[in-house]
Student: 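The structure that follows is given in the form of structure tokens.
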There are 2 protein chains.
Amino acid sequence: MTATEGPSATGTGEPSAPGGGPAGHARGDTVAAVVQQWRAVHPGLDTSPMEVIGRINRCAALLQQAEDAPLRRAGLTRPEFDLLGALRRTGHELTPSELARETFSSGAAVTKRLKQLTERGLVERRGDTRDRRVAHVRLTDAGRELVDGILPAQLAYETAALSGLDGPELGELAALLGTLLGQLEGRLGALRA
Amino acid sequence: MTATEGPSATGTGEPSAPGGGPAGHARGDTVAAVVQQWRAVHPGLDTSPMEVIGRINRCAALLQQAEDAPLRRAGLTRPEFDLLGALRRTGHELTPSELARETFSSGAAVTKRLKQLTERGLVERRGDTRDRRVAHVRLTDAGRELVDGILPAQLAYETAALSGLDGPELGELAALLGTLLGQLEGRLGALRA
DNA sequence: CACATATGATTCACGAGTAAATTACCTGCT
DNA sequence: AGCAGGTAATTTACTCGTGAATCATATGTG
């Protein structure tokens, strides 16, 4: 497992424990075990938020590992694919700032990625005629074909990863996450204080 | 938001879009908009897994930003806190390898963190008497106090972050994520092929 | 008992991302 | 017109984590 280590999307303050012991076939998920450890040590605290947040983080970490596979096959990192995907799905050109917002990364990171992707012939840049500070980026034909070629494999992976839940459960999970995400996106600024 | 950028826990292949346009007060969550863009471009593909996976990733990214705040106040990064937390909740000493597994990071990363945390007097190392390759790491009093001091603030943040969902909803979300996570942890090795 | 092999921890070289500074350009104000 | 201040993109210096070696030790095998 040390092979495809995830980034730091790991723990939220409630990391997780495979068990430490030799018997690895954890029946319940690992987060439950971690939360229980915390409860034993701090009986006074309400640890219930960990059950949600810990699992979200752990799921995100695992899913990313799994999803990296089809991308790596195509020689792309996830952030690179996110960038290309933003261009593909919006259908029109985007400026570097817009790409930064779309992919939730810093402007500097976008600059670097654009350099690489341009060298590989996947995107093209064009200067704005009115405002010469801004650039416009668009997919080349090769870039669009690459994205379109990867996407089905990506979705197949995701479907396989979620196959443990049936249709209605998935719908409910999506809905709950949707309301949570809506709240988070709205409140985030406020919480950051 | 460009301020406290998260790592790469970003998009799963379905990044997200605040709108690009000036009207930023997205009512629904941003993932819905992204999925809709994909559907418009690729009407043939089943994009439903994005609704779940995209949201998981986005929630993870946002929650991590929020939770970084109380940690930074204490001068700790999240991975550092995860390491200390693993020691605290298990209650006993752990070897570097065990810490790596608990925190889902590489051995090299653990080595570096241990060096820093040792210099700050938060953890102590002890060599094993039988097997002189292994080390045993334990919290110092200062380390334990630091963790115990931070934890309540951490949980408060988490509770606040989840306040958009009521009790039953949280329970259901936790349960669904639990089964998903259980499946993922079981199947991951298989999927990695 | 020596040697091949495996394992725990560490070190090293590198790639990737960030924040802060920098460059280049636009725009509102007087 | 000219300048103050803001914004887009990039560059710079730095941190952090990783994968691949490396060191030190343990264990099984002939």
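FYI, side chains are in, hydrogens and waters are out, and symmetry mates aren't considered; it's all heavy atoms of this structure. Nothing here was measured: the structure is a model prediction, and the numbers come from that model. Within every chain, numbering begins at 1; the chains are lettered A, B, ... in the order of the sequence lines, protein sequences first and strands thereafter.
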Student: What dot-bracket string describes DNA chain D from 5' to 3', counting Watson-Crick and G-U wobble pairs whose defining distances are under 3.5 Å, with [ ] for crossing pairs and | for pairs to another strand?
Tutor: ||||||||||||||||||||||||||||||
Student: What I'd like to find out is whether the side chain of B:Arg138 reaches to under 4.5 Å of the side chain of B:Arg126, using heavy atoms alone.
Tutor: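 A side-chain contact under 4.5 Å is absent here.
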Student: Which pair of heavy atoms, one from A:Val110 and one from A:Ala100, lies closest together, and at what distance?
Tutor: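 For A:Val110 versus A:Ala100, the nearest heavy atoms are CG2-CA, 3.6 Å.
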Student: Does OP1 or OP2 of D:dG17 have a side-chain N or O of B:Ser106 closer than 4.0 Å?
Tutor: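 No, outside the criterion.
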Student: Does anything in residues 120-128 of chain A reach DNA chain D, meaning a heavy atom under 4.0 Å, and if so which residues?
Tutor: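 The answer is A:Arg125.
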Student: Of the options C:dA19, D:dC16, D:dT18, whose atoms approach the side-chain atoms of B:Gln116 most closely?
Tutor: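 Nearest to the side-chain atoms of B:Gln116, counting from C-beta on, is D:dC16.
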Student: Among A:Asp82, A:Asp141, A:Asp148, which one satisfies salt bridge (charged side-chain N to carboxylate O under 4.0 Å, His left out) with A:Arg88?
Tutor: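 The residue from A:Asp82, A:Asp141, A:Asp148 that satisfies salt bridge (charged side-chain N to carboxylate O under 4.0 Å, His left out) with A:Arg88 turns out to be A:Asp148.
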Student: For A:Asp82 and C:dA16, give me the distance from atom CG to atom P, rounded to whole Å.
Tutor: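 Distance check: A:Asp82 CG to C:dA16 P gives 15 Å.
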Student: Expressed as a whole number of angstroms, how long is the span from A:Arg130:CZ to C:dA24:P?
Tutor: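 Result: 24 Å.
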Student: Would a distance-only check, ignoring hydrogens and angles, find a side-chain to backbone donor-acceptor pair under 3.5 Å from A:Thr95 to A:Glu98?
Tutor: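 Yes, because the side chain of A:Thr95 sits within donor-acceptor range (under 3.5 Å) of the backbone of A:Glu98.
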Student: Would you say the side-chain atoms of B:Glu185 and A:Thr30 include a donor-acceptor pair closer than 3.5 Å?
Tutor: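 Yes, A:Thr30 and B:Glu185 have a side-chain donor paired with an acceptor closer than 3.5 Å.
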Student: Keeping B:Arg58 on the side-chain end and B:Gly54 on the backbone end, is there a donor-acceptor pair under 3.5 Å?
Tutor: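 Judged by distance alone, no pair lies under 3.5 Å.
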Student: Please check this pair: side chain of B:Thr140 against backbone of B:Leu122, looking for a donor-acceptor N/O pair closer than 3.5 Å.
Tutor: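 Indeed, once roles are kept as given, a pair shorter than 3.5 Å links the two residues.
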Student: Using a strict threshold of under 4.0 Å (side-chain N to carboxylate O), is an ion pair present between B:Arg133 and B:Asp131?
Tutor: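 The answer is yes: the pair qualifies as a salt bridge.
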Student: Under a 3.5 Å distance rule, please check whether A:Glu172 uses its side chain to pair with a backbone N or O of A:Glu169 as donor and acceptor.
Tutor: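 Side chain of A:Glu172 to backbone of A:Glu169: no pair is present.
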Student: So, does A:Gln183 use its side chain to make a donor-acceptor pair with the main chain of A:Leu180 at under 3.5 Å?
Tutor: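 Not a single qualifying donor-acceptor pair exists.
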Student: Separation of B:Arg132 atom CZ from D:dT27 atom P, in whole Å?
Tutor: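 That distance rounds to 12 Å.
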Student: With a 4.0 Å cut-off, would you call A:Glu93 and A:Arg125 a salt bridge?
Tutor: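 No, A:Glu93 and A:Arg125 are not salt-bridged.
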Student: What integer distance in Å separates B:Arg72:CZ from C:dT18:P?
Tutor: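 B:Arg72 atom CZ is separated from C:dT18 atom P by 12 Å.
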Student: Between B:His136 and A:Thr129, name the one whose nearest nucleotide on DNA chain C is closer to the 5' end.
Tutor: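 Its nucleotide being nearer the 5' end, the pick is B:His136.
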Student: Quick one: B:Leu117 CG to D:dC16 C1', roughly how many Å, whole number?
Tutor: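 Rounded to the whole Å, the gap is 14 Å.
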Student: Quick one: does any side-chain atom of A:Glu80 pair with a main-chain N or O of A:Thr77 as donor and acceptor, under 3.5 Å?
Tutor: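 Confirmed, A:Glu80 side chain pairs with A:Thr77 backbone.
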Student: Which of these nucleotides, C:dT18, D:dG17, C:dT11, is closest to any side-chain atom of B:Thr111?
Tutor: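 My answer, after comparing the listed nucleotides, is C:dT11.
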Student: Could you check how far CG of B:Leu114 sits from P of C:dG8, rounded to whole Å?
Tutor: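 These atoms are roughly 16 Å apart.
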Student: Examine C:dG17: is either OP1 or OP2 under 4.0 Å from a nitrogen or oxygen in the side chain of A:Arg113? Give yes or no.
Tutor: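 So the side chain of A:Arg113 is within the cut-off, an N or O lying under 4.0 Å from OP1 or OP2 of C:dG17.
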Student: Specify the separation, in whole Å, of atom NZ of A:Lys112 and atom P of D:dT12.
Tutor: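 Rounding to the nearest Å, NZ of A:Lys112 and P of D:dT12 are 11 Å apart.
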Student: Name the pairs: protein N/O against N/O of nucleotides 2-8 of chain D, kept only if under 3.5 Å.
Tutor:
residue: D:dG6; atom: N2; partner: A:Arg133; partner atom: NH1; Å: 3.0
residue: D:dT7; atom: O2; partner: A:Arg133; partner atom: NH1; Å: 2.5

Student: Write down the distance between NZ (A:Lys115) and P (C:dG15), rounded to a whole number of angstrom.
Tutor: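 That distance rounds to 13 Å.
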